[in-house]
Visitor: 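Here's a structure for you.
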Amino acid sequence: MAKNLSKQASGCFLFCSLLISFVTFSSALSDAEVSFIARRQLSSLKENEDLPDNLENEINIKETFANERLKRAYIALQAWKKAIYSDPFNTTANWVGPDVCSYNGVFCEEALDDPKLSVVAGVDLNHGDIAGYLPVELGLLTDVALFHINSNRFCGIIPKSMSRLTLMYEFDISNNRFVGSFPLLVLEWPSVKYIDIRFNDFEGPLPPQIFEKDLDALFLNNNRFSSIIPDTLGKSKVSVVSFAHNKFIGCIPKTIGNMVNTLNEIVFLGNNFTGCFPQEIGLLGNVTVFDASHNEFIGVLPKTFSGLKSLETMDIAYNKLIGYVPETICKLPNLANFTFSDNYFNGEAQACMPSTKGKVVLDDFNNCLPGRPKQKSTKQCFPVVTRPVDCSKNCGRWWPHQKW
Ligand SMILES: *[C@@H]1O[C@H](CO)[C@@H](O)[C@H](O)[C@H]1NC(C)=O
Ligand SMILES: *[C@@H]1O[C@H](CO)[C@@H](O)[C@H](O)[C@H]1NC(C)=O
Ligand SMILES: *[C@@H]1O[C@H](CO)[C@@H](O)[C@H](O)[C@H]1NC(C)=O
Ligand SMILES: *[C@@H]1O[C@H](CO)[C@@H](O)[C@H](O)[C@H]1NC(C)=O
């Protein structure tokens, strides 16, 4: 683990150094300042392992504060300001002096455990375009329940010290430049409901425990995750989950059926998922959006899909699906858009044929459908449509001798 961290750290260092040299052009930092910032960051990344327990007492601060928690917030926010290399909208320009509640993007509320105390309960720097990193001192913001820094240029890793923010409810760090493995510290937040880490560079596997948290939404899309989806998926109470545009592999776990009471939208788009769709997907009577397009799914559509009573949008394009597209799907009561183009289907119900009259948008382009326009050639279709896939075994993966 430690080895991994240092590898990521040096990667970030390189990235941030490039960033700094870029910043140098515009704001003319001296070489000495650049090397100071770079050193500051490196040492901070080493500190990521822990936050000294009595930091606030060790630091000598002249200002006086309404309470100790605001003093700790001041230390955290000043450290953060020092870890910022570029702030084009001057968002943090007023992060000066002891009145942290007046800082741009910082929100104070009564403390949950003591209404007489005003504390920093939220940080919102969304769309700040700020470049920098998250210093270990952020672990001092222990009253923060909302942490929104989406659409900035923060890099590096999420400091472990942030596991101390045990009131965290909404955590949105999307659209930044964070790296490293899945930030495990989020598992330590007891009441977190919303986790959005999409559009970063996180990599490696997902911890199975993430689906055991009582989350309402989980956005993992547009990273570099490369594992299977663990069977714990079925324990998740999320209404929305997106795995899109990663490098996930393997089958959709059968446990997905257990998400029946809570799941509304699930997006597998743009990975390397394979195998047949499990029958259990058909149990998901509250799902409105199901997107499994641009993967390597095989086999036939399970008959159970007729159980997707709330389905509005289904996209299964760009897979290797075969067989018949049944009326029971195309006539689902709320269906508005069903895209099954770019597969190897060789039959479809009348109700599934695109028509200008129907209220459902349908797309059957580039399949193996006899008599339909713009289909694959016989030569492309024949070897696939004549090869049965046993979806009851091995989640329908082909036997090794069955080369594509
Ligand atoms: C930010 O502050 C700098 C220096 O005071 C100023 O030149 C720049 O115009 C400010 N930018 C914005 C977006 O206000
Ligand atoms: C899927 O796997 C293939 C072959 O291993 C690879 O070339 C491709 O880039 C992968 N696609 C994604 C989205 O990871
Ligand atoms: C769908 O949601 C409702 C509550 O909105 C719930 O009562 C029901 O059990 C859910 N499941 C299915 C399969 O409809
Ligand atoms: C239907 O869904 C497809 C695929 O998700 C999308 O590209 C298309 O724009 C949608 N069409 C309409 C009319 O919403």
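Residues: numbered from 1 along the sequence shown. All ligand and atom numbering here is 1-based and tracks the order in the structure. Side-chain atoms are counted along with the backbone in the values below, which use heavy atoms only and exclude waters and symmetry mates.
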Visitor: For ligand 4, which atoms sit closer than 4.0 Å to a heavy atom of N337?
Guide: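 The atoms of ligand 4 under 4.0 Å from a heavy atom of N337 are 1 (C), 2 (O), 3 (C), 8 (C), 10 (C), 11 (N), 12 (C), 14 (O).
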
Visitor: If we count only non-hydrogen protein atoms and require a distance under 4.0 Å, does atom 2 (O) of ligand 1 qualify as touching the protein?
Guide: yes

Visitor: Please confirm whether the backbone N or O of Y318 pairs with a side-chain atom of D342, one donor and one acceptor, at under 3.5 Å?
Guide: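 Here the side-chain-to-backbone pair does not exist.
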
Visitor: Check whether any protein heavy atom sits under 4.0 Å from atom 9 (O) of ligand 4.
Guide: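 Protein heavy atoms within 4.0 Å of atom 9 (O) of ligand 4 - there are none.
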
Visitor: So which protein heavy atom does atom 5 (O) of ligand 4 come closest to, and at what separation?
Guide: D315 OD2, 2.9 Å

Visitor: Please check if a non-hydrogen protein atom sits closer than 4.0 Å to atom 13 (C) of ligand 1.
Guide: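 Given the 4.0 Å limit, the answer for atom 13 (C) of ligand 1 is yes, a protein heavy atom qualifies.
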
Visitor: Can you spot which of D291, V289, V240, I256 makes a side-chain contact (heavy atoms from CB on, under 4.5 Å) with I266?
Guide: I256

Visitor: Please work out which of the three classes, parallel, tilted or perpendicular, describes the rings of W80 and F154, given edges at 30° and 60°.
Guide: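 Geometry flag for W80 against F154: tilted rings.
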
Visitor: Pick one of side chain, backbone, both or neither for how A93 approaches ligand 1, counting any non-hydrogen atom pair under 4.0 Å.
Guide: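 The answer is neither; A93 stays 4.0 Å or more away.
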
Visitor: Checking K376 against Y344: charged group under 6.0 Å from the ring centre and within 45 degrees of the axis?
Guide: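 Yes; both conditions hold, so K376 lies above the ring face of Y344.
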
Visitor: Name the orientation class of the two ring planes belonging to Y74 and F65 (parallel below 30°, tilted from 30 to 60°, perpendicular beyond 60°).
Guide: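 The rings of Y74 and F65 sit tilted, inter-plane angle from 30° to 60°.
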
Visitor: Give a yes-or-no answer on whether the side chains of T339 and N337 include a donor-acceptor pair shorter than 3.5 Å.
Guide: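 Yes, because at least one side-chain N or O of T339 sits under 3.5 Å from a partner of the opposite role on N337.
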
Visitor: For ligand 1, which atoms sit closer than 4.0 Å to a heavy atom of N90?
Guide: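 Close to N90: 1 (C), 2 (O), 3 (C), 8 (C), 10 (C), 11 (N), 12 (C), 14 (O).
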
